[in-house]
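Basis for what follows: all heavy atoms, side chains included, without hydrogens, waters or symmetry-related copies.
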Amino acid sequence: MHHHTASTAVLGLTLLVLPGCSPSSPAPTTTSSSDSAAQRPDDKGDAKRNAVPMASAQLRERLLDESDLGDGYTRKPERPSGGDDDVTVLGCPALEKLGADAATGSGGGLDFPHRVKAAFTYTGNGEVTEELYSGAGSKLSDGTGRIFDAMTGCPAYQVLAGSTPVDITTQEVPAPRLGDERWSHLLTFSSGGADMVVKQTAIRDGSVLLIVSGSPALVDRHLDTALAKATAIG
């Protein structure tokens with residue numbers, strides 16, 4: 001995922017709208033462990049070992065780092081949040097209400113106080129971003145479901161990054177049966193004749209919400225490791 005012109009959006013708008021950038025388009029992939037996408041909880045996780053919300057400092061220790069990812073990954077510097085004034089959502093009223101970050105898949109609308117994020121570039125021409133949130137299981141469920149429902153409810157819409165139009169299409173895809181709830185979709189960004197495919201998968205396990213976004217193959221490769229670290233005991 002590449003930062004768009006407005007904020008810390010994870011889905012590569014910068015590659016598509018800035019001159020001199022050459023976006024790649026990894027082919028959509030489906031892992032063998034994937035089942036049919038399920039957006040209903042197996043249980044709310046209220047009695048689980050990780051049902052108590054964690055502070056942001058605790059979450060930060062559970063983010064993936066270069067040693068977890070392997071060779072070829074470099075962490076990107078953090079950028080300030082906010083600043084969506086130059087991105088406008090068109091053609092999807094539900095996403096317009098949630099804001100530009102939600103429309104581009106960067107977690108916008110997830111207004112949880114405990115949240116951390118890390119983004120990495122990969123020498124094989126890709127990126128992967130991990131977001132961790134913690135809060136009451138029901139609130140994580142409702143907030144995440146609202147955004148994914150809005151995105152899949154608008155299979156095609158457009159955003160304006162400054163004055164540059166970017167067409168976005170969404171497709172719900174199977175998610176691995178991990179955690180209590182899971183959501184997954186592909187987003188295709190099109191601008192100036194260039195396309196980029198980004199995968200975003202969210203897993204809620206008790207009071208922890210994990211979102212991994214980026215090049216489809218990298219999301220599939222690191223999702224299990226990210227969840228194991230995010231929900232580890234101790």
Value for CG (L218) from CG (L223), rounded to nearest 0.5 Å, stands at 12.0 Å
Within the 4.5 Å heavy-atom criterion, are L63 and R75 side-chain neighbours or not? yes
Distance from W183 atom CH2 to T144 atom OG1, nearest 0.5 Å? 4.5 Å
Can you check whether T152's main-chain N or O pairs, donor with acceptor, with E172's side chain at less than 3.5 Å? no
Do D205 and L178 come within less than 4.5 Å of each other through their side chains, counting heavy atoms only? no
Could you check whether any side-chain heavy atom of L98 comes within less than 4.5 Å of a side-chain heavy atom of R146, counting everything from C-beta outward? yes
Heavy-atom closest pair, residues P165 and S163: CD-O, 3.5 Å
Hey, are S141 and E181 close enough side-chain-wise for a donor-acceptor pair under 3.5 Å? yes
Would you say the side chain of R115 lies within less than 4.5 Å of the side chain of L59, judging by non-hydrogen atoms? no
Counting N and O atoms only, with roles assigned by atom type, does the side chain of T74 sit under 3.5 Å from a partner on the main chain of T121, one being a donor and the other an acceptor? no
Is S134 reaching over with its side chain to a backbone N or O of S207, donor-acceptor style, under 3.5 angstrom? yes
Criterion ring pair (Phe, Tyr, Trp, His ring centres under 6.0 Å) on H222 and Y73, from CA distance to verdict: CA-CA 12 Å; H222 298 297; Y73 290 86; 5.1 Å; yes
How far apart are the closest heavy atoms of S191 and T164, and which atoms are they? OG-CG2, 3.8 Å
Which residues pass the side chain to side chain donor-acceptor pair (under 3.5 Å) test with R60, sequence neighbours left out? E78
Taking M151's backbone N and O only, do any of them form a donor-acceptor pair with T170's side chain (distance below 3.5 Å, no angle check)? yes
Partner residues of D68 under the salt bridge (Lys or Arg N to Asp or Glu O under 4.0 Å) criterion, sequence neighbours left out: K229
Min side-chain heavy-atom separation P176-R182 under 4.5 Å: no
Reported CZ-to-NZ distance for the pair R204 and K139, which is rounded to 0.5 angstrom: 13.5 Å
Is there a side-chain contact between Q171 and V173 in this structure, where contact means two heavy atoms from C-beta onward sitting under 4.5 Å apart? yes
What distance separates L186 CG from Q200 CD, expressed to the nearest 0.5 Å? 10.5 Å
Between V87 and A161, which heavy-atom pair has the shortest distance, and what is it? CG2-CA, 4.4 Å
Closest non-hydrogen atom pair between P53 and G135, with its separation: CG-C, 3.7 Å
Which atoms form the tightest heavy-atom contact between A202 and I211, and what is the distance? CB-CG1, 3.8 Å
Taking atom CD of E96 and atom SG of C154, what is their separation to the nearest 0.5 Å? 8.5 Å
Fit a plane to each ring of F148 and H185, take the angle between them on a 0 to 90° scale, and name the class: parallel (under 30°), tilted (30 to 60°) or perpendicular (over 60°). parallel
Output the distance between atom CZ (R62) and atom CG (L210), rounded to the nearest 0.5 Å. 12.0 Å
Closest heavy-atom contact between P216 and V197? CD-O, 3.6 Å
Within a strict 4.5 Å, meaning less than it, do heavy atoms of the Y122 and V128 side chains meet? no
